[in-house]
Student: 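Below is a structure I'd like to ask you about.
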Amino acid sequence: MTGPIAFGRRVRRAAWRLARNARAAVMLEMAFAIPFLILVGFGGLEIANLTLAHTRVSQLGLNTADNAARIAAGSNLTQPQIREVDINEVFAGAARQVEGMGFENNGRIILSSLQRNNDGGQTIKWQRCFGNLDVASAYGVEGTGATGTDFPGMGPAGREVTAAAGTAIMFVEVTYEYQPLLFGAWLGPQTIRSTAAFNIREARDLTGVKPPGDPATCD
């Protein structure tokens with residue numbers, strides 16, 4: 001018997017044998033399941049990488065502020081100074097901490113010295129930056145609050161950090177544009193931000209950053 005009827009019978013017999021074959025059923029199930037498992041697996045990997053990036057950025061801010069607060073270059077005969085070369089060394093250490101993240105091209109560290117001005121208010125005495133991401137400080141640029149008492153300090157509104165007389169706070173803002181592994185379109189743009197602040201460990205010259213070294217300006 002030939003023709004469409006015979007062909008239909010052969011197809012039905014093949015389908016029946018396939019339905020009764022356990023190995024074939026497993027292969028079909030795996031064919032449907034594997035793409036889903038791959039999607040879930042790589043999605044979990046992306047989420048884990050994003051979480052790790054948040055942790056590394058947070059630790060970067062804390063360590064940078066802490067290291068800047070420990071700078072004390074000078075002799076026992078003069079008040080310790082903070083120099084451009086010291087700040088550059090702090091940033092060099094920060095760069096080592098975030099190796100593999102592409103931070104220099106996709107992130108920025110803003111280091112500010114928050115101090116008292118001559119009127120008893122708060123001022124950003126100096127500010128230095130590392131990283132090529134075009135982002136400015138959320139709380140002010142160098143020279144903000146140089147006079148008067150209108151500048152409340154640095155930090156979220158109502159919870160600003162302020163410096164006491166005769167000392168300074170190293171305030172760090174970190175911004176990083178997350179670089180996804182595979183699911184960038186699914187996650188969408190992810191900007192990670194973190195702040196940290198440490199009071200300087202010992203008295204230092206608060207008149208500004210001294211040479212030698214090339215200033216890591218925020219331009």
Side-chain angles (χ1 to χ4, degrees), residues 56-73 79-95 97-98 103-104 106-177 191-219:
R56 294 184 70 179
V57 168
S58 176
Q59 290 298 315
L60 176 65
L62 289 169
N63 289 343
T64 302
D66 189 23
N67 290 336
R70 296 176 185 274
I71 297 174
Q79 196 170 35
Q81 298 176 339
I82 184 166
R83 306 168 300 175
E84 301 290 357
V85 67
D86 300 317
I87 296 175
N88 292 338
E89 288 178 355
V90 169
F91 287 152
Q97 186 177 343
V98 288
F103 185 89
E104 187 167 357
N106 300 288
R108 170 161 280 200
I109 301 172
I110 303 175
L111 172 62
S112 304
S113 181
L114 182 64
Q115 301 173 203
R116 285 277 186 95
N117 63 26
N118 294 331
D119 298 322
Q122 300 292 307
T123 183
I124 300 176
K125 184 66 178 180
W126 54 262
Q127 194 171 79
R128 297 292 184 270
C129 293
F130 168 77
N132 298 325
L133 184 65
D134 187 14
V135 61
S137 169
Y139 307 111
V141 298
E142 181 175 318
T144 299
T147 59
T149 58
D150 292 336
F151 181 53
M154 303 184 73
R159 296 186 288 117
E160 293 89 355
V161 175
T162 57
T167 187
I169 290 176
M170 298 291 99
F171 193 94
V172 170
E173 302 166 71
V174 184
T175 306
Y176 174 63
E177 296 289 351
T191 301
I192 303 174
R193 293 182 174 86
S194 182
T195 59
F198 276 82
N199 204 78
I200 59 174
R201 293 295 192 270
E202 60 181 88
R204 67 169 60 150
D205 185 341
L206 299 177
T207 58
V209 186
K210 310 297 182 183
D214 297 324
T217 59
C218 298
D219 297 334

Student: Under the salt bridge (Lys or Arg N to Asp or Glu O under 4.0 Å) test, which residues partner Asp66, sequence neighbours left out?
Tutor: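 Asp66 satisfies salt bridge (Lys or Arg N to Asp or Glu O under 4.0 Å) with Arg70, Arg201 once adjacent residues are dropped.
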Student: Quick one: do the Gln127 and Ser112 side chains pair a donor with an acceptor below 3.5 Å?
Tutor: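 Gln127 vs Ser112: donor-acceptor pair found between side chains.
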Student: Which residue pairs satisfy the salt bridge (charged side-chain N to carboxylate O under 4.0 Å, His left out) criterion with at least one member in residues 149-161, sequence neighbours excluded?
Tutor: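 Sorted pair list comes back empty.
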Student: Sequence neighbours left out, what passes ring-ring contact (aromatic ring centres under 6.0 Å, His included) with Phe130? Give chain and number order.
Tutor: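 So Phe130 forms a ring-ring contact (aromatic ring centres under 6.0 Å, His included) with Phe91.
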Student: Roughly how far apart are Thr64 OG1 and Met170 CE, rounded to 0.5 Å?
Tutor: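 Here the rounded value is 12.5 Å.
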Student: Excluding sequence neighbours, so at least two apart, what forms side chain to side chain donor-acceptor pair (under 3.5 Å) with Thr149?
Tutor: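 Thr149: no side chain to side chain donor-acceptor pair (under 3.5 Å) contacts found.
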Student: Output all residues satisfying salt bridge (Lys or Arg N to Asp or Glu O under 4.0 Å) with Arg108, sequence neighbours left out; order by chain, then residue number.
Tutor: none
Student: With sequence neighbours excluded, tell me which residues meet side chain to side chain donor-acceptor pair (under 3.5 Å) with Arg56.
Tutor: none
Student: What I want to check is whether the side chains of Thr162 and Gln122 have a donor and an acceptor closer together than 3.5 Å.
Tutor: no
Student: Once rounded to the nearest 0.5 Å, what's the spacing between atom CG of Asn63 and atom CZ of Phe198?
Tutor: 8.0 Å
Student: Where the side chain of Glu177 meets the backbone of Leu133, is there a donor-acceptor pair that is under 3.5 Å apart?
Tutor: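 Pair absent, no side-chain N/O of Glu177 close to backbone of Leu133.
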Student: Using a 3.5 Å distance criterion without hydrogens, assess whether the side chain of Thr144 forms a donor-acceptor pair with backbone atoms of Val141.
Tutor: yes
